[in-house]
Every structure is written in structure tokens, then in C-alpha cells.
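Below: one structure, written as C-alpha cells.
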Protein chains: 2
Amino acid sequence: MIYYSSYCKHLVAVDCIIFGFDQEKINILLHKRKFEPYKGNWSLFGGFLNEKENLDAAAVRILNSLTGFTNIYLEQLFTYGNVDRDSERVISVAYYALIKTDQYSSFEGGEYDAVWFPLEELPELILDHNIMVNKALRRLRRKASSEPIGFELLPDKFSLPRLQRLYEAIYGEDFDKRNFRKKILSMGLLEKLNEKDKTESKKGAFLFRFDKDKYDELIGKGEGFEL
Amino acid sequence: MIYYSSYCKHLVAVDCIIFGFDQEKINILLHKRKFEPYKGNWSLFGGFLNEKENLDAAAVRILNSLTGFTNIYLEQLFTYGNVDRDSERVISVAYYALIKTDQYSSFEGGEYDAVWFPLEELPELILDHNIMVNKALRRLRRKASSEPIGFELLPDKFSLPRLQRLYEAIYGEDFDKRNFRKKILSMGLLEKLNEKDKTESKKGAFLFRFDKDKYDELIGKGEGFEL
DNA sequence: TCAAAAGTGTTAGTGTTACACCCATGA
DNA sequence: TCATGGGTGTAACACTAACACTTTTGA
């Protein structure tokens with residue numbers, strides 16, 4: 001039985017803000033739009049929702065088809081629904097993604113024609129995409145201090161100096177090395193490995209791994225991640 | 001010029017979670033659905049997005065047409081887009097609203113056929129509306145501690161005991177009276193009036209008013225509300 | 001041997017929590 | 001006069017922030 005046929009229907013798009021970390025700063029992946037209108041201008045990765053497709057699934061599909069990424073952290077951000085935000089009336093549901101860039105190293109300039117831009121050097125984007133990026137960044141900052149999403153931007157094994165540089169990049173400020181270690185280790189969520197990362201120093205820095213099981217256990221007890 | 005005509009269109013709905021505070025507990029306003037499907041079942045207040053209507057405007061319109069409320073706090077919550085969430089494929093953008101219930105006192109049972117339910121006694125709602133309510137409550141809890149949205153649930157003038165009861169209701173736990181006062185007053189955002197509320201005690205409690213100008217000033221300095 | 005990054009503890013200060021009594025008033 | 005809720009200060013404790021030197025090792 002069809003009940004809602006008298007109501008008007010709308011185009012629904014999904015746009016993805018993709019964050020990556022290159023050991024030094026947070027970057028956003030952009031590409032030049034492939035279709036009209038605004039063809040050739042810098043844009044987030046977006047597409048339209050299909051007829052029998054869950055919203056989250058559309059985000060995964062669009063991300064994969066435009067970048068090749070699979071199995072990445074993806075979270076709904078906000079829905080933009082002003083009538084005049086695009087040349088036609090389109091509702092856009094924005095998602096943001098966190099990429100472990102080490103898994104997609106030789107990426108730039110490849111088949112996907114995507115370019116990483118540092119946060120401070122973003123070009124002008126089409127439509128309201130700059131606004132979306134801003135909101136995504138605020139969300140990333142908030143979430144990174146209350147949930148362990150930062151690890152989604154790092155390889156599975158990482159050194160503490162690298163983790164610290166990540167958080168410094170996210171918040172745009174420097175932290176004290178000793179205080180940072182103390183706090184992050186005191187949560188008991190990092191497993192220290194018997195390996196070192198020697199790419200950044202001669203001495204080498206011990207590698208750690210985020211312990212998801214222990215995190216789930218803490219969540220069960222009403223505790224969790226707090227930086 | 002029309003570019004997007006080949007893409008499929010979708011029904012887009014707006015659903016509103018309406019919070020109120022009755023001096024004792026947090027309530028949610030519900031009504032029995034007026035149309036098929038699920039007619040007669042408990043439901044949030046919802047409707048469909050019109051053709052040339054901003055998303056926020058639709059939320060305002062729907063809220064007003066179903067409850068008579070005007071000029072209330074309204075914020076986008078989340079967008080629900082699973083294919084099977086309704087009997088037909090409908091994308092629903094959820095909003096939550098905070099009501100100063102004193103402004104709508106003789107409301108229940110009136111022309112709008114709406115009923116306030118305490119949080120702990122919610123009935124089963126249609127579709128994914130219970131999930132929406134849960135998410136709204138989590139959002140309310142998070143926001144109430146970092147932004148002065150609690151005042152949207154109180155009359156313009158309120159006593160500190162009442163403000164405290166509000167926060168206790170939101171978080172479901174009791175706070176120490178002296179610590180609560182100390183913290184909230186130390187922000188310097190409450191203006192003490194020369195009036196007392198004598199409805200709750202013989203002695204009477206001084207009334208305060210939230211000072212929005214001072215809050216905006218603090219925000220400009222990078223500070224703000226933190227409970 | 002030296003440059004460059006990794007690793008390590010302590011202290012002062014700040015904020016948080018816990019706690020008990022007097023006050024004002026209407027019934 | 002007494003029952004009810006309003007209003008007030010302090011001390012222990014926990015957490016945060018500031019700070020400097022030693023270690024390792026490849027070049």
C-alpha cells in the first residue's frame with residue numbers, strides 16, 4: 001500500500017570530507033569535479049543517493065568509487081538542506097572519513113585524480129563545501145578528545161611521538177611530551193610492542209597498538225577515552 | 001539549466017523530538033499519528049519537506065502546525081536514511097526542540113491532542129522514533145554541559161534550586177547544592193534579580209536571569225559555558 | 001663525537017568533591 | 001513554634017601544568 005505519493009520528492013546527495021594525516025599535518029582530500037555544473041572546480045567527493053540504498057551505504061559506495069578506499073571510518077556529520085545551496089534543489093547529507101594514509105601511500109596523481117590539501121591551504125570549494133569542511137573539523141576536534149578516533153588516522157602500529165604529533169595537528173597546538181605520555185598511557189589502552197620505529201630518529205621510538213578489546217571493556221564500565 | 005534530472009528523487013521527512021521540563025523531570029511531547037500508515041500509534045511530530053522550503057524552515061513549520069509553538073530552540077540532530085525504516089522509502093531528518101513549558105501551560109488535551117511523557121515512561125513509538133529520542137537525549141546531555149541550552153527549558157526568570165533540578169533531571173543524578181551554585185555563579189552569566197519565587201518555599205528563592213550579552217562576550221574571548 | 005629525537009619524575013597550583021549548619025517564612 | 005526549603009564556607013583530594021636532563025645511535 002502506498003500512502004505518501006502526494007508528497008514531493010527531492011534529490012538527495014552525499015558528500016564526504018576525507019581527513020588524512022601525513023606525519024606532520026592534517027590534510028583533506030579533494031578533486032576537481034567531473035560533471036556539470038561547476039565542472040573542473042575543487043570539490044568534496046559526492047554523489048547521489050540511489051533508490052534502494054541505505055544512506056550509510058551510499059556514503060561507502062561514493063567514497064569507494066571515487067577514491068578506491070575500502071573499510072574506512074565513516075560517520076554522518078550534518079544535513080544541508082537550503083533550497084539555494086546548489087543550482088537545483090538538492091539535500092546533501094555530509095559524512096566525514098578518517099583515512100590511514102599509510103594504506104594508500106602511492107595515491108596522489110593516480111587514477112582517481114585526487115589531491116591532499118593541508119587544512120590551512122584549502123582552495124575555494126564549490127557550493128557550501130567549505131562550510132562542511134569547517135563543521136567536520138570542529139567535529140573531529142570534539143570527538144578526538146572523547147573517543148579514540150585518532151587511531152583511525154594512524155597505522156595500526158605507531159610510536160607515541162607520532163601519536164602526539166597527530167593530536168597537535170588536530171588541535172593546532174603543542175602539548176608537553178611528558179604530560180601527553182602520562183595521560184595517554186594512564187588510560188591503559190595502548191599495548192607496547194617490542195618493535196621500534198627508526199624512521200624518525202636514530203634511537204628509535206617504541207611502537208604501540210590501540211587495544212580495542214580493553215576499550216570496549218572500559219566502555220562497559222562507564223569509563224572510556226578522555227584526552 | 002537542469003543537470004541532475006537523471007538521478008532518483010526521495011521523500012524527505014522532518015521529525016521533531018520535543019523536550020520540556022515540568023519543575024521535576026524532563027518530558028517528551030508525543031501525539032497519536034493522524035494518518036496512515038501507523039495511524040493512531042504514538043509518534044513524534046513529523047511531516048514532509050516541501051518543494052521550495054529550507055530544511056530548517058520545514059522543521060519550524062511542522063512544529064508550529066502540530067503544536068502551535070513559535071519561536072523555540074530547534075536544532076538538527078541526525079538524518080535517518082535506511083531503506084526499510086518506513087513503509088515506503090523516506091529519508092527523515094530529525095530535529096530536537098527545547099520548550100519553555102511555562103509559555104504553553106494549559107496545553108495538554110487541547111486542540112493539538114499532544115501529551116507529555118516522562119522520559120522513563122515513554123510508550124513504544126512508530127518506526128525508529130524511539131531511537132531518535134535516545135539520540136536526542138544523548139545530544140541534550142552533551143550540549144547542556146558545554147553550552148547554555150538548559151535555559152531554553154526554563155522561564156526567563158528562574159531560581160537556582162530550579163535550575164539545579166533541571167540539570168539533575170537532564171543527567172539523572174543529584175548534585176551538591178553548594179558546588180552547583182559555586183560553579184554556575186562563578187561563570188558570571190547569571191544576573192540576580194530583586195525578586196523571589198515563593199511558590200516552592202516560604203522563604204522564597206531569588207530569581208536569576210541568563211545574561212546572553214555577557215555570554216556572547218565570553219565566547220568572543222574563547223571562553224564560554226562549562227558545567 | 002656529536003646531533004637529533006626518545007624517554008623519564010617532581011612540584012606547585014588549580015579545580016573538584018565532600019560535608020553541616022543557620023536563615024526566613026507561612027502555616 | 002516548627003517544618004520546609006534557601007542559602008552559605010572550608011578542607012582534603014585529584015588533576016593539571018610547568019619544567020630539564022639522560023639515553024641511544026647513526027652519520
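Here is how names work: the chains are called A, B, and so on, in the same order as the sequence lines, proteins then strands, and each is numbered from 1.
When side chains are defined from C-beta on, A/Phe158 counts as touching A/Leu190, because their heavy atoms get closer than 4.5 Å.
In this structure, CZ of A/Phe206 is placed 10 Å from P of D/dT24, rounded to the nearest angstrom. Between B/Asp176 atom CG and D/dG9 atom C1' the separation is 12 Å, expressed in whole Å. The nearest whole Å value for the distance from the CZ atom in A/Arg181 to the P atom in D/dA18 is 19 Å. One interatomic measurement links the two molecules: CZ of A/Arg165 to P of C/dA4, which rounds to 15 Å at whole-angstrom precision. In this entry the distance linking CG of B/Leu185 with C1' of D/dG6 reads 13 Å, nearest Å. Whole-Å rounding puts the B/Phe180 CZ to C/dT16 P distance at 14 Å. Between the C1' atom of C/dT16 and the CZ atom of B/Phe175 lies a distance of 14 Å, rounded to the nearest Å. In this structure, the NZ atom of B/Lys177 is 13 Å from the C1' atom of D/dG9, given to the nearest Å.
Distances shorter than 4.0 Å separate some side-chain N or O of B/Lys198 from OP1 or OP2 on C/dG26. Residue A/Arg178 places none of its side-chain N or O atoms closer than 4.0 Å to OP1 or OP2 of D/dA18.
A salt bridge does not link B/Arg162 to B/Glu200: none of the charged side-chain nitrogens sits closer than 4.0 Å to a carboxylate oxygen. Remark: B/Glu120 does not engage B/Lys25 in a salt bridge, criterion side-chain N to carboxylate O under 4.0 Å. Taking a cutoff of 4.0 Å between a charged side-chain nitrogen and a carboxylate oxygen, B/Lys100 and B/Asp156 qualify as a salt bridge.
With hydrogens and angles ignored, a donor-acceptor pair under 3.5 angstrom links the side chain of A/Lys203 to the base of D/dT23. Within 3.5 Å, no donor on the side chain of B/Lys183 pairs with an acceptor on the base of C/dT17, nor the reverse.
Screening B/Leu74, B/Asn64, B/Leu29 for a side-chain contact (heavy atoms from CB on, under 4.5 Å) involving B/Phe69 leaves a single residue, B/Leu29.
With D/dC19, D/dA27, C/dA6 as the choices, the nucleotide that has an atom nearest any side-chain atom of A/Lys202 turns out to be D/dA27.
If you find the closest nucleotide of DNA chain C to A/Ala205 and to A/Lys182, the one lying nearer the 5' end belongs to A/Ala205.
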